[in-house]
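Computed from heavy atoms alone, side chains included, the values below leave out hydrogens, waters and symmetry copies. Just so you know, these numbers come straight off a predicted model, no measurement behind them.
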Amino acid sequence: MEKAKITAYQLFALVLLFELGSALLVALGIEAKQDAWIVILLGMIGGLLIFFVFYRLYCFYPDCLPTEYVQKIMGKGLGKSVAFLYMLYNVYLAARVLRDFGAMLLTFAYIETPLFIANTLMILVIVYSVSKGIEVLARTGELFLVFIYFLAGSGVLLVLFSGVVDLHNLQPVLENGWKPIIKSTVRETIYFPFGELIVFSMIMPYLRDSKKIRNVGIIGTIVSGISLALVMVFNISILGVKLTERSQFPLLSTIQTIQVADFLERLDVYFMIALIVGGFFKVAIFIYAAVIGTANIFTVTPPSRLSYPIGLVVLILSMTMASNFPEHLKEGVSIVPLLLHLPFQIIFPVLLLGMAYWKNRKHKKQGTG
């Protein structure tokens with residue numbers, strides 16, 4: 001483990017920035033039409049259940065990284081293999097998020113710029129930050145969280161003053177019943193973005209006051225869930241369901257509708273900065289988890305030596321995982337949830353928790369006997 005400690009507020013800031021990250025870019029839960037905000041809130045509840053699974057694992061092994069306690073639970077050989085698969089999973093998700101933000105930059109700001117250049121510039125900044133350690137990353141997040149919510153607050157006010165909100169677009173509620181809502185929750189929001197919080201199992205041991213982990217996880221998940229639900233309420237009430245479905249980046253399309261007093265308009269670049277900040281932290285946290293975990297598995301010291309090699313892998317993977325952006329999105333909707341998210345966020349953690357509970361119970365019985 002890196003010799004570092006972070007505060008509860010810093011962890012909260014990282015959780016919030018991570019959760020908002022790329023989730024602000026896409027139309028979360030739009031399969032349920034105007035009830036997408038309900039899908040997000042149900043996904044948040046599912047995310048809390050997933051959080052409690054890896055929080056209980058942390059309680060069994062508070063001084064160990066997941067890459068260590070997986071080996072204690074499953075045995076050294078199998079445990080190392082599973083731990084390394086989790087590191088690959090983190091690298092893959094980092095590459096997906098990097099591709100998302102590279103595509104956004106090219107679509108809205110740098111139309112003539114090659115994707116490779118945009119992604120390279122982003123990954124260089126991210127990897128440099130990761131190489132400085134979790135304390136630097138946490139302090140940076142602490143500062144940027146205030147900036148993000150300042151932009152969010154000013155954005156809400158501007159949208160309201162521009163008079164483009166039509167709450168009738170959110171009606172009728174539950175038009176098609178609960179079936180599409182439950183379906184969209186199970187297929188999407190329970191995994192993305194809330195289930196991805198499992199990456200914080202690699203950061204929990206660095207919290208200075210371990211008693212605050214549960215509250216930080218719960219509050220961070222709830223605040224991010226409500227924030228994302230409100231974003232979707234604004235998107236749908238302003239753009240309508242059909243335009244929200246068709247838009248590649250609904251939030252930026254929403255921001256482009258802002259026009260106050262015939263002079264305050266075209267604020268998409270202003271808010272795109274906030275989205276880039278969220279993307280930076282999401283990619284950085286995935287890469288940090290991969291770096292510290294891989295260093296732990298293969299006993300590499302210092303762990304920062306792996307930052308640039310893993311960053312290079314993330315960059316190459318972000319360029320080669322799909323030939324175009326629609327293919328990238330299709331892969332994220334149809335393949336990733338079942339083949340990757342389900343086993344890594346739910347099946348493996350629940351299995352590990354059951355084995356950890358059984359082993360610790362067995363040891364207690366032997367101790368009392």
Side-chain angles (χ1 to χ4, degrees), residues 1-21 43-73 83 86 90 132-146 148-149 193-227 281-282 284-286 288-289 291-293 296 303 345-346 348-364 367-368:
M1 285 177 58
E2 179 188 354
K3 292 181 180 178
K5 290 294 177 181
I6 62 175
T7 66
Y9 177 70
Q10 288 171 341
L11 181 61
F12 171 77
L14 290 178
V15 167
L16 211 53
L17 290 168
F18 176 88
E19 285 290 87
L20 297 177
M44 177 191 74
I45 294 170
L48 284 171
L49 295 176
I50 293 173
F51 166 75
F52 275 110
V53 171
F54 64 83
Y55 170 71
R56 287 302 303 165
L57 281 167
Y58 166 79
C59 290
F60 280 124
Y61 305 97
D63 299 320
C64 298
L65 289 171
T67 45
E68 293 172 320
Y69 66 64
V70 166
Q71 296 178 52
K72 291 183 178 181
I73 295 171
Y86 265 99
N90 289 331
K132 297 300 177 182
I134 190 62
E135 285 187 351
V136 172
L137 199 60
R139 285 197 294 268
T140 308
E142 192 176 12
L143 294 173
F144 273 106
L145 183 65
V146 178
I148 291 294
Y149 271 88
F194 300 105
E196 291 176 341
L197 269 176
I198 196 168
V199 72
F200 279 89
S201 61
M202 295 294 298
I203 297 175
M204 281 179 173
Y206 295 112
L207 188 63
R208 186 172 288 121
D209 188 353
S210 59
K211 293 178 181 178
K212 295 181 178 179
I213 286 179
R214 184 178 63 179
N215 290 339
V216 169
I218 293 171
I219 296 170
T221 303
I222 290 174
V223 172
S224 61
I226 292 172
S227 299
F281 280 100
K282 188 152 191 176
I285 289 166
F286 275 131
Y288 178 79
V291 166
I292 205 74
N296 183 259
Q345 293 179 12
I346 297 177
F348 284 157
V350 170
L351 180 63
L352 286 169
L353 181 59
M355 294 173 70
Y357 179 80
W358 181 78
K359 280 197 168 191
N360 281 272
R361 188 179 178 186
K362 185 178 177 182
H363 288 155
K364 281 183 180 179
T368 55

**Student:** Determine the interplanar angle of the Phe51 and Tyr55 rings, folded into 0 to 90°, and report it as parallel if under 30°, tilted if 30 to 60°, perpendicular if over 60°.
**Tutor:**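 Rings of Phe51 and Tyr55: parallel, under 30°.
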
**Student:** Is Pro62 close to Ser210 at the side-chain level, that is, under 4.5 Å between some pair of heavy atoms?
**Tutor:**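 The answer is no, as the side chains (C-beta and beyond) never meet within the 4.5 Å cut-off.
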
**Student:** Is the closest side-chain heavy-atom distance between Thr221 and Leu197 below 4.5 Å?
**Tutor:**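 A side-chain contact exists here, since the closest heavy-atom pair is under 4.5 Å.
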
**Student:** How about Phe286 and Phe18: are their ring centroids closer than 6.0 Å?
**Tutor:**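 Centroid separation for Phe286 and Phe18: below 6.0 Å.
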
**Student:** With heavy-atom distances below 4.5 Å as the criterion, would you say the side chains of Ile198 and Pro349 are in contact?
**Tutor:**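 Heavy-atom side-chain distance check passes, below 4.5 Å.
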
**Student:** Can you tell me how far CG of Asp209 sits from CG of Leu207, rounded to the nearest 0.5 angstrom?
**Tutor:**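 If we round to the nearest 0.5 Å, Leu207:CG and Asp209:CG are 6.5 Å apart.
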
**Student:** Below 4.5 Å, heavy atoms only, C-beta onward: do Tyr149 and Ser227 meet side chain to side chain?
**Tutor:**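 With C-beta onward as the side chain, the pair touches.
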
**Student:** Is Gln10 reaching over with its side chain to a backbone N or O of Thr7, donor-acceptor style, under 3.5 angstrom?
**Tutor:**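 Yes, because the side chain of Gln10 sits within donor-acceptor range (under 3.5 Å) of the backbone of Thr7.
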
**Student:** If you look at every heavy atom in Ala83 and Val70, which pair is closest and at what distance?
**Tutor:**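 For Ala83 and Val70, the tightest heavy-atom pair comes out as N-CG1, 4.3 Å.
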
**Student:** Nearest heavy-atom pair of Tyr206 and Ala4: which atoms, and what distance?
**Tutor:**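 Residues Tyr206 and Ala4, closest heavy atoms: CD2-O, 3.4 Å.
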
**Student:** Is the shortest distance from a Lys or Arg side-chain nitrogen in Glu196 or Lys282 to a carboxylate oxygen in the other one below 4.0 Å?
**Tutor:**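 Salt bridge present between Glu196 and Lys282.
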
**Student:** Closer than 3.5 angstrom, by distance alone: can the side chain of Lys212 be matched with the main-chain N or O of Tyr9 as a donor-acceptor pair?
**Tutor:**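 Pair absent, no side-chain N/O of Lys212 close to backbone of Tyr9.
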
**Student:** Heavy atoms only: give me the nearest Ile203-Leu11 pair and the separation to one decimal.
**Tutor:**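 Residues Ile203 and Leu11, closest heavy atoms: CG2-CD1, 4.0 Å.
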
**Student:** Measure the CG-OH distance between Leu353 and Tyr58 for me, rounded to the nearest 0.5 Å.
**Tutor:**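 Reported to 0.5 Å precision, the distance equals 15.5 Å.
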
**Student:** How far apart are the closest heavy atoms of Ser224 and Phe194, and which atoms are they?
**Tutor:**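 Heavy atoms only, the tightest pair is OG-CE2, 4.0 Å.
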
**Student:** Between Phe54 and Phe200, is the ring centroid distance below 6.0 Å?
**Tutor:**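 Distance test on ring centres: not under 6.0 Å, no.
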
**Student:** Find the distance between CE (Met355) and CG (Asn360) and round it off to the nearest 0.5 Å.
**Tutor:**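 So the gap between those two atoms works out to 12.0 Å.
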
**Student:** Work out which heavy atom in Lys72 is nearest to a heavy atom in Cys64; give both atom names and the distance.
**Tutor:**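 Scanning both residues, the minimum pair turns out to be NZ-SG, 3.3 Å.
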
**Student:** Can you name the closest pair of heavy atoms from Thr140 and Val136 and give their distance?
**Tutor:**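 Heavy-atom minimum between the residues: OG1-O, 2.7 Å.
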
**Student:** Is it true that the NZ or CZ of Arg56 lies under 6.0 Å from the centre of Phe60's six-membered ring and within 45 degrees of the ring axis?
**Tutor:**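 Verdict for Phe60: a cation-pi partner in Arg56.
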
**Student:** With rounding to the nearest 0.5 angstrom, report the OH to CG distance, Tyr288 to Leu14.
**Tutor:**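 One finds 10.5 Å between OH of Tyr288 and CG of Leu14.
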
**Student:** Look up atom CE in Met204 and atom SG in Cys59, then write down how far apart they are to the nearest 0.5 Å.
**Tutor:**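 SG of Cys59 is found 8.0 Å from CE of Met204.
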
**Student:** Hey, what do you get for CD1 (Ile73) to OH (Tyr357), rounding to the nearest 0.5 Å?
**Tutor:**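 Rounded to the nearest 0.5 Å, the CD1-OH separation comes out at 14.5 Å.
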
**Student:** Can you check whether Asn296 reaches Glu68 side chain to side chain, under 4.5 Å on heavy atoms?
**Tutor:**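 Yes, side chains in contact.
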
**Student:** Going by heavy atoms in the side chains, are Ile148 and Leu16 under 4.5 Å from each other?
**Tutor:**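 Ile148 does not reach Leu16 side chain to side chain.
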
**Student:** Any side-chain heavy atom of Glu142 within less than 4.5 Å of one from Phe12?
**Tutor:**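 They are not in contact (no side-chain heavy atoms under 4.5 Å apart), so the answer is no.
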
**Student:** Tyr86 versus Met202: any side-chain heavy-atom pair under 4.5 Å?
**Tutor:**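 No - every pair of side-chain heavy atoms lies 4.5 Å or more apart.
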
